[in-house]
Protein chains: 2
Amino acid sequence: MRLTTKGRYAVAAMADIAVHFAGAPVALSEVAERQGISLAYLEQLFRKLKSADLVKSSRGVAGGYQLFSAPSDIRIADIVSAVDEQIKTTACEAGSSLGCQGTTSRCLTHDLWDELGRHIDIFLNSVNLEDIIEKRVLGMAAVNTPTRMEKTLMGAIE
Amino acid sequence: MRLTTKGRYAVAAMADIAVHFAGAPVALSEVAERQGISLAYLEQLFRKLKSADLVKSSRGVAGGYQLFSAPSDIRIADIVSAVDEQIKTTACEAGSSLGCQGTTSRCLTHDLWDELGRHIDIFLNSVNLEDIIEKRVLGMAAVNTPTRMEKTLMGAIE
DNA sequence: TGAAACCCTACTAATTTAGTCAACTATGCG
DNA sequence: CGCATAGTTGACTAAATTAGTAGGGTTTCA
């Protein structure tokens, strides 16, 4: 999961549409003005959002975009992964340990970044557009940090 | 907290030193070869790691670097923030809501990225170098995802 | 029929990252 | 001493990525 301003713009725009939807499609020009994002750039983003089935569009004079599903069914992870290209897996950072000798200290860090990635995924999958609109996001960082004993046990398993 | 290959290199190098330390300082040239990172680049990184008091150096023939503290006292977050410059806070992404009207939909997403950042911080602060060496990292992504009811309650508080 | 809106491709400007170069300083050994 | 080793430092550059523009379409509807 990659995190750039592109993803942030996309989430902001989606939230904007969710908030301002009132039966009729919301035009990108409105979103552009409200969110301070250039129209042309937004169009790029929404093309991707559309092919990911996160929004649907209507053309013509009174056209625009609307959410494809209910806000509670659109997870932030969906939005971010729709607009941000997948990060290219460098050397030994791939999901599986291909070409990565587990014994060298180089790959000791492999698990770490894997785990962090999983962490981020879990978070972004646990938040949906409705949470954002209703401001229910704060205080969700209740990570269950293992005790030293638990860490030791986990290490022992491997 | 920013996450680039720079930070990853730094963590890998620190782990390398932790593993290969045997009473005498470890020369960067060794680390460079083992980790496949150019010596000149490593020097850059270690300059920062040193000024953050994460390593200490000895010059001269048998010189090199060693950890400043015990591996269990060096958190990954310390390493990453030592080498990766702080991300410049764009528009309304700052820690506090300066210049950010809480009512516009633009800033609805503010909390989200704040919370994600906190999430990452918590994780990277909960892992230390010893965990990495002992391979105790996997399985730490035990995030406590709130129930819908809990989310609602949290929203209600604000 | 024309204005408003989406659709699409290509290009470019700006920024950031990763890495190099070259010179310098300190240390220890023969 | 003087030389090799190893850290110290600042300046510079090349590659990659991101963010954003330009400029055409095409569809729809009043």
Side-chain angles (χ1 to χ4, degrees), chain A residues 2-13 17 20-21 24-33 35-52 54-68 80 83-91 93, chain B residues 1-13 17 20 24-33 35-68 80 82-91 93:
Chain A
R2 217 180 190 177
L3 298 166
T4 66
T5 62
K6 209 172 186 176
R8 285 200 263 265
Y9 283 163
V11 174
I17 285 187
H20 291 94
F21 178 73
V26 180
L28 281 195
S29 53
E30 295 174 34
V31 179
E33 193 176 357
Q35 302 298 323
I37 309 172
S38 89
L39 176 61
Y41 199 39
L42 267 184
E43 286 175 345
Q44 254 184 61
L45 298 181
F46 273 77
R47 191 160 26 132
K48 294 185 180 184
L49 292 174
K50 191 188 173 189
S51 57
L54 294 174
V55 294
K56 51 190 171 188
S57 63
S58 342
R59 305 176 81 151
V61 176
Y65 287 92
Q66 51 189 298
L67 301 185
F68 197 92
V80 172
V83 297
D84 276 331
E85 272 83 40
Q86 208 49 29
I87 195 160
K88 72 159 170 258
T89 59
T90 55
E93 314 288 356
Chain B
M1 182 76 62
R2 215 169 181 197
L3 298 167
T4 66
T5 62
K6 210 170 184 174
R8 284 200 263 266
Y9 282 163
V11 175
I17 286 187
H20 291 94
V26 180
L28 281 194
S29 51
E30 295 174 36
V31 179
E33 193 176 357
Q35 303 298 322
I37 308 171
S38 88
L39 176 60
Y41 198 39
L42 268 184
E43 285 172 346
Q44 245 183 70
L45 298 181
F46 272 77
R47 201 184 338 172
K48 295 185 178 180
L49 292 174
K50 190 187 173 187
S51 57
D53 276 343
L54 294 174
V55 294
K56 51 190 171 187
S57 61
S58 342
R59 306 176 77 151
V61 175
Y65 287 92
Q66 51 189 297
L67 301 184
F68 197 92
V80 172
V83 297
D84 277 331
E85 271 84 41
Q86 208 50 28
I87 197 159
K88 72 159 169 259
T89 59
T90 54
E93 314 288 354

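All chains are named by letter (A, B, ...) in the order of the sequence lines, taking the proteins before the strands, and each is independently numbered beginning at 1.
- Atom P of nucleotide C:dC8 and atom CG of A:Leu42 are separated by 16 Å, given to the nearest angstrom.
- When all heavy atoms of A:Pro25 and A:Gly63 are compared, the pair lying nearest together is CB-C, 3.9 Å.
- In this structure the side chain of A:Lys6 never reaches within 4.5 angstrom of the side chain of A:Tyr9, judged on heavy atoms.
- Under the side-chain hydrogen bond (donor to acceptor under 3.5 Å, both in side chains) criterion, B:Lys50 pairs with B:Ser57, sequence neighbours left out.
- Spacing between atom CD of B:Gln44 and atom C1' of C:dT16 amounts to 13 Å, rounded to whole angstrom units.
- With contacts defined as side-chain heavy-atom distances shorter than 4.5 Å, the pair B:Glu30/B:Glu33 does not qualify.
- For the pair A:Leu67/A:Phe21, no side-chain contact is recorded, criterion being any heavy-atom separation below 4.5 Å from C-beta on.
- Atom-to-atom, CG of B:Leu45 to C1' of C:dT17 comes out at 12 Å; the value is rounded to the nearest Å.
- One can place OH of A:Tyr41 at 16 Å from C1' of C:dT9, the figure rounded to the nearest angstrom.
- Summarising the geometry, the separation between NZ on B:Lys48 and C1' on D:dG10 is reported as 13 Å, rounded to the nearest angstrom.
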Do any N or O atoms of the protein come closer than 3.5 Å to N or O atoms of nucleotides 5-7 of chain C, and which pairs are they?
{"residue": "C:dA5", "atom": "O4'", "partner": "A:Gly60", "partner atom": "O", "Å": "3.4"}
{"residue": "C:dC6", "atom": "OP1", "partner": "A:Leu28", "partner atom": "N", "Å": "3.1"}
{"residue": "C:dC7", "atom": "OP1", "partner": "A:Lys50", "partner atom": "NZ", "Å": "2.8"}
{"residue": "C:dC7", "atom": "OP1", "partner": "A:Ser57", "partner atom": "OG", "Å": "2.9"}
{"residue": "C:dC7", "atom": "OP2", "partner": "A:Tyr65", "partner atom": "OH", "Å": "2.5"}
{"residue": "C:dC7", "atom": "N4", "partner": "A:Glu43", "partner atom": "OE1", "Å": "3.3"}

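- Residues B:Phe46 and B:Ile17 meet the side-chain proximity criterion, which asks for heavy atoms closer than 4.5 Å.
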